[in-house]
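This one's a predicted model, so the numbers in the text were calculated from it and none came from an experiment.
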Amino acid sequence: MKEMGLEFEILTADIDESSIRREKPEDLVMALAEAKAQAILARLATKESDADSAQQTLLITADQVVVHEGNILEKPRTSEEARRFIEGYSRSPARTVGAVLVTNLSTGVSKGGVDTAEIYFHSIPEHVITTLIEEGSVFWAAGGLLVEHPLVSPLVNAMVGTIDSVMGLPKELTLSLIDEAVERTK
């Protein structure tokens with residue numbers, strides 16, 4: 001967000017994401033982004049806030065899953081699950097599905113959207129998979145998918161969509177939703 005010229009503060013929603021289920025990945029990520037917004041808004045409501053700063057404050061929540069071979073993949077819970085996810089990307093492309101929800105705190109107006117990208121990989125060697133799992137960062141990424149990792153990026157054969165979309169916060173969609181949420185206040 002800083003590279004987009006925006007100041008920000010990070011808050012966590014601390015919700016039980018596993019309790020929210022939807023059949024379609026687009027519906028799931030939007031429901032998760034909405035639940036995160038509701039949880040954070042509830043916490044913010046208990047704090048005193050400066051009305052002037054609230055007029056300029058936007059809450060941005062997001063979520064992402066990976067769809068692979070018809071299955072919705074969230075963050076891997078075990079090493080075995082991470083290995084299965086990553087090995088599968090050598091067989092067929094992975095599709096990221098991410099939702100962004102922008103809520104204007106002064107008006108309560110929320111604008112949301114979904115963005116997707118598709119990633120095609122060359123064969124992913126066993127040593128790369130093992131190293132990624134040992135490093136542990138795959139456990140913090142939907143589908144254990146880390147296209148920006150130095151061991152993984154050379155293995156990307158093609159990408160349909162943008163790298164920021166694959167990484168979970170598509171810039172173009174986010175800026176468009178910010179404009180829509182702010183436009184309503186003018």
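- T103 places no side-chain N or O within donor-acceptor distance of the main-chain N or O of L105, the cut-off being under 3.5 Å.
- Note that OG1 of T61 and CG of L32 are 10.0 Å apart. Values are rounded to the nearest 0.5 Å.
- Between Y120 and V156, the closest side-chain pair of non-hydrogen atoms is not below 4.5 Å.
- Linking ILVMFWY side-chain heavy atoms closer than 4.5 Å, directly or via other members, places V109 and L101 in two distinct hydrophobic clusters.
- The pair R22-E34 does not count as a salt bridge, with every side-chain nitrogen at least 4.0 angstrom from each carboxylate oxygen.
- For the pair R95 and P25, the minimum side-chain heavy-atom distance is below 4.5 Å.
- Using a 4.5 Å heavy-atom cutoff, the side chains of L145 and V147 are in contact.
- Listed here is the closest heavy atom pair of T174 and P170: OG1-O, 2.7 Å.
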Please report the C-alpha distance between E134 and T130 in whole Å, then the side-chain angles of each, then the deciding distance to 0.1 Å, and finally whether the side chain to side chain donor-acceptor pair (under 3.5 Å) criterion is met.
CA-CA 6 Å; E134 287 173 356; T130 299; 5.8 Å; no

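- Looking at E135 and T131, their side chains come closer than 4.5 Å, going by heavy atoms from C-beta outward.
- In terms of heavy atoms, N104 sits closest to L58 at CA-CD2, 3.6 Å.
- Within the 4.5 Å cutoff, the side chain of F139 has heavy atoms near those of the S79 side chain.
- Interatomic distance, S110 OG to E180 CD, rounded to the nearest 0.5 Å: 11.5 Å.
- At least one donor-acceptor pair closer than 3.5 Å links the side chain of S90 to the backbone N or O of I124.
- Heavy atoms of other residues, nucleotides or ligands lying less than 6.0 angstrom from CE of M167 number 12 at most.
- Taking 4.5 Å as the limit, every side-chain heavy atom of D164 sits out of range of all side-chain heavy atoms of L169.
- Going from atom NZ of K171 over to atom OG of S176 covers 15.5 Å, rounded to the nearest 0.5 Å.
- Taken to the nearest 0.5 Å, the CZ atom of R91 stands 11.0 Å off from the OG atom of S123.
- Hydrophobic clustering, with ILVMFWY side chains joined whenever heavy atoms are under 4.5 angstrom apart, groups L155 together with I133.
- Nearest heavy atom pair, residue I15 against residue K36, reads CD1-CG, 3.7 Å.
- Between T12 and R43 the shortest heavy-atom distance is O-NH2, 2.5 Å.
- The 12-atom threshold is exceeded at CD of E126, counting heavy atoms of other residues, nucleotides or ligands nearer than 6.0 Å.
- Aromatic rings of Y89 and H68 (six-membered ring for Trp) have centroids within the 6.0 Å cut-off, being under it.
- Two residues are said to be in side-chain contact when any heavy atoms from C-beta on lie closer than 4.5 Å; I72 and V97 fail this criterion.
- A salt bridge does not link E69 to R84: none of the charged nitrogens lies less than 4.0 Å from a carboxylate oxygen.
- Between E81 and K75 there is no salt bridge, since no side-chain nitrogen of the basic residue lies less than 4.0 Å from a carboxylate oxygen of the acidic one.
- When the side chains of ILVMFWY residues are joined at heavy-atom separations under 4.5 Å, either directly or via intervening members, V114 and I119 end up in two distinct hydrophobic clusters.
- The structure places OG of S165 at 6.5 Å from CD of Q64, a figure rounded to the nearest 0.5 Å.
- When hydrophobic clusters are built by joining Ile, Leu, Val, Met, Phe, Trp and Tyr residues whose side-chain heavy atoms come closer than 4.5 Å, directly or via intermediates, L73 is grouped together with L132.
- Residues V166 and F85 share a hydrophobic cluster, clusters being chains of Ile/Leu/Val/Met/Phe/Trp/Tyr side chains in contact below 4.5 Å.
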Can you check side-chain contact (heavy atoms from CB on, under 4.5 Å) on L28 and M30, steps first, answer last?
CA-CA 5 Å; L28 175 61; M30 188 55 74; over 6 Å; no

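- Of all the heavy atoms in A94 and V66, the pair that sits closest is CB-CG1, 3.9 Å.
- Atom CG in L177 sits 8.5 Å away from atom CD1 in I60 (nearest 0.5 Å).
- In terms of heavy-atom proximity, A117 sits nearest to G161 at CB-CA, 4.1 Å.
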